[in-house]
Amino acid sequence: MAVALFTRCWGEPGALPPVLLVHATGDTSADWAEVAAGLVENRLVVAVDLRGHGASPRPGGYALTELADDLEVVAAALAAEHGRPVDVVAHSLGGLVSCLLASRRPDLVRRLVLEDVPVPHRREPLAPTRPEGDLAFDWDAVLQVRAQVDDPDPRWPRVIASVTAPTLVVWGGPASPMPREHVAQMAETVADGRLVRIDAGHLVHAHQPATFTAVVRGFLALPD
């Protein structure tokens, strides 16, 4: 069952479609503040806290399909309120969740930006180390998400191939832990994809916010 996500908003509705920002594992909606400031002109920008993160509920179950259920509720409400599909910008885990959304509900997603998001491939499990102190996220969410990424559902290529929204895939360059060939595969597998490299490692929008935002803004402004 979907849970109600906490959302953080910037700007006001304008001539441009709303933008929905979706964070990575262990981050929150606040992580997008600088990017939102660069996208907010003449549009509403909304960032979510995924379940188990920030101010959103921590239900204990963190299947990627459940995260997509939650995100679908937010996207559907935005699309209904503004009378048009939304643009989605998503990082890492948020990108996989957004691919699920775009695959199942193409009517809700106009354009999709995936920041350092590879097609999932089976990999050697590496147990993460829990940071000390209080966390802004449920540690169980990290463990459950990691397990689904280490041993991914074999249906992922079909899910990604069914994403019809024009998609920009941003790779963080050689400093990124995400293999270039798997990120490039994402751009090649979606129906209408393109790949751009910004040498910033995995945290592209945090390490190169101005460049990332300019590239995203340009992509979202392309004619339909």
Side-chain angles (χ1 to χ4, degrees), residues 1-3 5 20 22-27 48 50-53 58-76 85 88-109 111-129 137-174 176-197 201-202 204:
M1 178 181 296
V3 301
L5 299 183
L20 183 58
V22 193
H23 64 77
T25 308
D27 286 326
V48 299
L50 294 172
R51 66 164 60 193
H53 293 75
R58 300 185 178 192
Y62 300 105
L64 296 184
T65 52
E66 293 176 316
L67 273 68
D69 291 342
D70 304 336
L71 190 64
E72 182 178 340
V73 173
V74 177
V88 180
V89 180
H91 179 215
S92 199
L93 164 65
L96 294 179
V97 175
S98 298
C99 282
L100 288 169
L101 169 66
S103 172
R104 65 167 70 157
R105 292 295 306 272
D107 58 308
L108 296 181
V109 180
R111 290 184 181 272
L112 179 62
V113 178
L114 301 174
E115 178 191 350
D116 221 38
V117 183
V119 173
H121 286 260
R122 189 181 180 91
R123 65 188 188 184
E124 188 68 28
L126 181 63
T129 302
F137 53 91
D138 186 347
W139 185 244
D140 282 344
V142 174
L143 298 178
Q144 291 182 39
V145 166
R146 179 65 69 93
Q148 294 170 81
V149 173
D150 288 343
D151 187 14
D153 190 315
R155 292 173 292 183
W156 266 114
R158 292 205 306 274
V159 169
I160 293 166
S162 66
V163 173
T164 56
T167 301
L168 175 68
V169 180
V170 179
W171 180 51
S176 169
M178 303 303 174
R180 184 196 181 282
E181 62 270 23
H182 295 169
V183 179
Q185 183 187 6
M186 178 67 79
E188 295 161 359
T189 304
V190 295
D192 181 6
R194 62 213 71 187
L195 178 69
V196 65
R197 168 176 161 178
H202 187 52
V204 181

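Just so you know, residue 1 is the first one in the sequence shown, and it goes up from there.
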*asked:* Are the side chains of Val169 and Val117 in contact, using a 4.5 Å heavy-atom criterion?
replied: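 They are not in contact (no side-chain heavy atoms under 4.5 Å apart), so the answer is no.
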*Any side chain to side chain donor-acceptor pair (under 3.5 Å) involving residues 137-147? Give me the pairs, sequence neighbours left out, ordered by first then second residue.*
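Of all non-adjacent pairs touching residues 137-147, those that pass side chain to side chain donor-acceptor pair (under 3.5 Å) are Tyr62-Asp138.
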Of the non-hydrogen atoms in [X] and [Y], which two are nearest, and what is the gap between them?
X	Y	result
Thr189	Pro157	CG2-O, 3.8 Å
Leu5	Leu71	CD1-N, 4.1 Å
Leu112	Ser98	CD1-CB, 3.9 Å
Leu64	Gln148	N-OE1, 2.9 Å
Asp107	Pro85	O-CB, 3.4 Å
Pro128	Leu143	CG-CD2, 3.9 Å

Apply side-chain contact (heavy atoms from CB on, under 4.5 Å) to [X] and list each qualifying residue two or more places apart in sequence or on a separate chain.
X	answer
Ala165	Val109
His182	Pro118, His121, Pro179, Gln185
Pro154	none
Asp69	Ala2, Arg104

For [X], what residues pass the side-chain hydrogen bond (donor to acceptor under 3.5 Å, both in side chains) criterion, not counting sequence neighbours?
X	result
Arg58	none
Arg123	Asp150
Asp192	Arg194
Ser103	Ser162

*Can any side-chain N or O of Asp116 pair as donor or acceptor with the backbone N or O of Trp171 at less than 3.5 Å?*
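No; judged by distance alone, with no hydrogens or angles, the pair does not exist.
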*With distance as the sole test, does Glu115 use its side chain to make a donor-acceptor pair with the main-chain N or O of Gly95 at under 3.5 Å?*
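Not at all, since once roles are kept as given, no pair shorter than 3.5 Å links the two residues.
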*Derivation of the side-chain contact (heavy atoms from CB on, under 4.5 Å) call for Cys99 and Leu114*: CA-CA 9 Å; Cys99 282; Leu114 301 174; 3.8 Å; yes
*Result of checking Leu168, Val119, Thr167 against Val190 for side-chain contact (heavy atoms from CB on, under 4.5 Å)*: Thr167
_salt bridge (Lys or Arg N to Asp or Glu O under 4.0 Å) involving Asp70 - partner list, sequence neighbours excluded_ = Arg51
_The criterion is salt bridge (Lys or Arg N to Asp or Glu O under 4.0 Å); which residues satisfy it with Arg111, sequence neighbours excluded?_
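Applying salt bridge (Lys or Arg N to Asp or Glu O under 4.0 Å) to Arg111 gives Asp224.
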What distance do [X] atom [atom1] and [Y] atom [atom2] have between them, rounded to the nearest 0.5 Å?
X	Y	atom1	atom2	result
Arg155	Leu100	CZ	CG	9.5 Å
Met186	Met178	CE	CE	10.5 Å
Leu101	Thr65	CG	OG1	13.0 Å

*Dump the intermediate steps for side-chain contact (heavy atoms from CB on, under 4.5 Å) on Val48 and Val22, then the final yes or no.*
CA-CA 6 Å; Val48 299; Val22 193; 4.3 Å; yes
*Just jot down the ring-ring contact (aromatic ring centres under 6.0 Å, His included) partners of His91, sequence neighbours excluded, or say none.*
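ring-ring contact (aromatic ring centres under 6.0 Å, His included) list for His91, sorted by chain: His202, His205.
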